[in-house]
Amino acid sequence: MTLLMVYINAFQLPLMLSAVNVGLPHFARDLQMNAVLLSWVPTSYLMASVMFVLIFGRVADMLGRKKIYLLGTLLVVIASILAAFSNSGEQLVMLRFLQGVGGAMIYATQIAILSSVCPPNMRGRAIGKMISILYLGLTCGPLLGGYVVELLDWRALLVMQVPLALLVLMLGLFKVDGDWHADEPAKMDIPGAASYAFSIAAICIGASLVPDVSSYLGIGLGVLGLCCFVFIEKRVTHPIFDLSLFLSNRIFTLSCLASFIMYTATFANVVLISLYLQYLQGIPASQAGMIMMTQPLLMAIFAPLAGRLSDTVEPRIIASAGMVLTLVGLLLLSQFNGETSILLILLCLAITGIGFGLFSSPNTNAIMGAVEKRHYGLASASNATMRLVGQMSSMLMVTLIMSLYLGQAEISPANYPELQQAISIAFTIAALLCLPGLYFSLARGHLHR
């Protein structure tokens with residue numbers, strides 16, 4: 001029942017995330033959103049998740065991981081229903097932020113719960129299944145979202161996952177007994193939590209204001225806040241983010257960095273491909289969704305195979321091969337134009353999907369396998385943080401590029417050349433990011449001794 005509870009949520013959250021990406025052109029049209037505000041629809045969710053995932057990781061260790069997990073699911077349900085009634089772009093962005101707070105509660109606890117109920121020799125398999133289900137959600141999101149948007153409305157898109165979330169709540173409340181806490185629950189590090197959350201918000205808001213002068217103030221304050229965060233964490237008795245684990249555990253540290261790079265390079269793919277297909281290729285949302293599902297479908301197929309293999313084969317070998325394939329796929333995507341054939345688009349998405357599928361499960365297994373059981377809560381929150389910071393960085397990169405090339409203008413045929421250039425630049429930068437990621441993946445060392 002515990003695995004079922006985790007797996008259903010692992011499906012419904014990415015279902016919601018990827019479905020929303022298909023609806024971006026419809027949000028823009030009906031709510032009169034410019035390119036920068038439109039990019040905040042996915043970014044606000046990620047910003048909230050990054051701001052609060054560490055905080056809820058600590059709270060969950062103190063109060064119980066299942067409690068926080070179920071509260072996060074409830075908050076996602078409430079925010080989704082409210083978002084469906086949005087009557088302005090700004091309101092939609094704010095409610096997506098609230099969804100992200102709920103998502104942070106889930107991200108901070110799901111792998112810790114999974115690791116708590118699975119023995120070490122089964123952990124890679126269980127994580128692989130969860131990640132496969134996650135990618136299945138990413139696969140179904142564009143397909144179902146495209147049809148929902150065309151047959152019903154974009155508002156229905158925001159609540160299509162709610163029945164599954166309600167099922168998770170029923171399972172957690174009535175079928176999963178007990179709860180999981182840290183062996184030695186620590187106190188909340190309020191100064192560290194506040195400086196971290198402030199820094200993330202300042203950097204995100206600052207990046208969205210480029211090239212305005214105020215953007216540099218926001219980014220500068222965010223960087224200063226992160227410096228204060230590191231200073232605080234080195235000195236408090238119970239830090240919210242234990243930097244000593246990063247300084248003393250090579251496999252854990254480099255695996256987290258590789259995860260950060262991979263998500264930074266790949267997360268915005270679905271947003272860029274959605275804009276590319278629906279604007280530059282003129283493809284309807286339902287057909288665009290079918291094309292977009294290629295990448296996550298192959299992730300779903302290869303993630304459990306790679307996860308199971310990583311229980312016996314060195315994870316860094318499998319993950320590094322996945323990083324190389326992803327780099328090749330992103331380089332090919334950067335060459336697209338309005339005349340690119342659908343077959344070539346499908347091929348490139350397939351390459352990146354296989355690459356990411358090979359990377360994700362072994363890398364997560366390496367992160368959890370590199371720490372003792374008493375650090376599962378911290379490792380789970382760290383893994384989620386690296387993933388979410390990478391996803392947020394990916395969207396910030398897109399927001400920054402869109403701001404530079406399109407400014408505050410709404411996307412229209414008049415600025416399609418600028419949109420094409422922005423998409424090409426984004427994919428090129430993403431491909432180059434894979435190079436340091438490949439180094440981190442190869443240099444991490446051996447998990448299986």
Side-chain angles (χ1 to χ4, degrees), residues 50 53-58 60-61 65 107-116 118-128 130-131 180 182-184 186 189 192 196 226 229-230 233-234 236 238-264 303 306-307 309-320 322-323 358-391 393 436-449:
V50 174
V53 68
L54 285 178
I55 296 171
F56 288 122
R58 171 56 53 81
D61 283 344
R65 291 165 189 157
Y107 297 140
T109 51
Q110 60 185 1
I111 292 182
I113 290 174
L114 208 62
S115 297
S116 297
C118 294
N121 65 326
M122 299 287 287
R123 186 179 54 240
R125 187 176 302 180
I127 290 172
M130 191 199 81
I131 292 176
W180 300 272
D183 294 334
E184 299 175 6
D189 170 22
Y196 173 78
L226 286 177
F229 172 68
V230 171
E233 297 307 278
K234 284 184 175 181
V236 295
H238 301 290
I240 195 171
F241 198 65
D242 192 349
L243 296 174
S244 64
L245 191 58
F246 281 86
L247 297 174
S248 61
N249 192 324
R250 180 185 179 88
I251 295 176
F252 177 80
T253 302
L254 294 183
S255 297
C256 284
L257 289 173
S259 179
F260 166 72
I261 292 289
M262 188 60 140
Y263 281 99
T264 301
L309 194 60
S310 72
D311 283 331
T312 53
V313 177
E314 192 58 48
R316 72 187 180 100
I317 297 172
I318 311 168
S320 299
M323 185 76 77
L358 290 175
F359 172 85
S360 54
S361 299
N363 195 72
T364 303
N365 194 20
I367 290 173
M368 300 305 294
V371 301
E372 298 174 12
K373 191 171 182 178
R374 62 192 177 93
H375 288 307
Y376 277 174
L378 173 62
S380 177
S382 299
N383 180 56
T385 301
M386 292 299 107
R387 182 180 72 248
L388 291 168
V389 171
Q391 291 174 343
S393 300
L438 181 59
Y439 168 77
F440 293 141
S441 184
L442 288 170
R444 75 179 85 189
H446 300 280
L447 179 66
H448 301 305
R449 299 293 182 182

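Below, each value reflects all heavy atoms present in this structure, side chains not excepted, and no hydrogens, waters or symmetry copies.
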| field | Reported CG-to-CG distance for the pair L358 and N363, which is rounded to 0.5 angstrom | value | 12.0 Å

| request: State, to 0.1 Å, how close A126 and L114 come at their nearest heavy-atom pair, and which atoms those are. | output: O-CD2, 3.8 Å

| request: Let me see the working for R387 and Y107 under side-chain contact (heavy atoms from CB on, under 4.5 Å), right down to the final yes or no. | output: CA-CA 10 Å; R387 182 180 72 248; Y107 297 140; 3.2 Å; yes

| request: Show your working on side-chain contact (heavy atoms from CB on, under 4.5 Å) between R316 and I251 and close with a plain yes or no. | output: CA-CA 10 Å; R316 72 187 180 100; I251 295 176; over 6 Å; no

| message | I'd like to know if the side chain of S441 and the backbone of G437 have a donor-acceptor N/O pair within less than 3.5 Å. | response | no

| task | Work out which heavy atom in D189 is nearest to a heavy atom in R58; give both atom names and the distance. | result | N-NH1, 4.3 Å

| Where do F56 and A108 come nearest, in terms of heavy atoms and distance? | C-CB, 4.0 Å

| message | Let's go through M323 and L442 carefully: what are the C-alpha distance in whole Å and the side-chain angles of both, what is the deciding distance for side-chain contact (heavy atoms from CB on, under 4.5 Å) to 0.1 Å, and is it a yes or a no? | response | CA-CA 10 Å; M323 185 76 77; L442 288 170; over 6 Å; no

| field | CG-CD1 distance between L438 and I261, expressed to the nearest 0.5 angstrom | value | 11.0 Å

| Would you call C256 and I367 a side-chain contact if the rule is heavy atoms closer than 4.5 Å? | yes

| task | Could you tell me the separation between the OG1 atom of T364 and the CD1 atom of I111, rounded to the nearest 0.5 Å? | result | 5.0 Å

| field | From CZ (F229) to CG (L54), nearest 0.5 Å | value | 6.0 Å

| Do you know the tightest heavy-atom contact between P315 and A366? | CB-CB, 4.2 Å

| query | What's the spacing between T253 OG1 and F440 CZ if we round to 0.5 Å? | reply | 10.5 Å

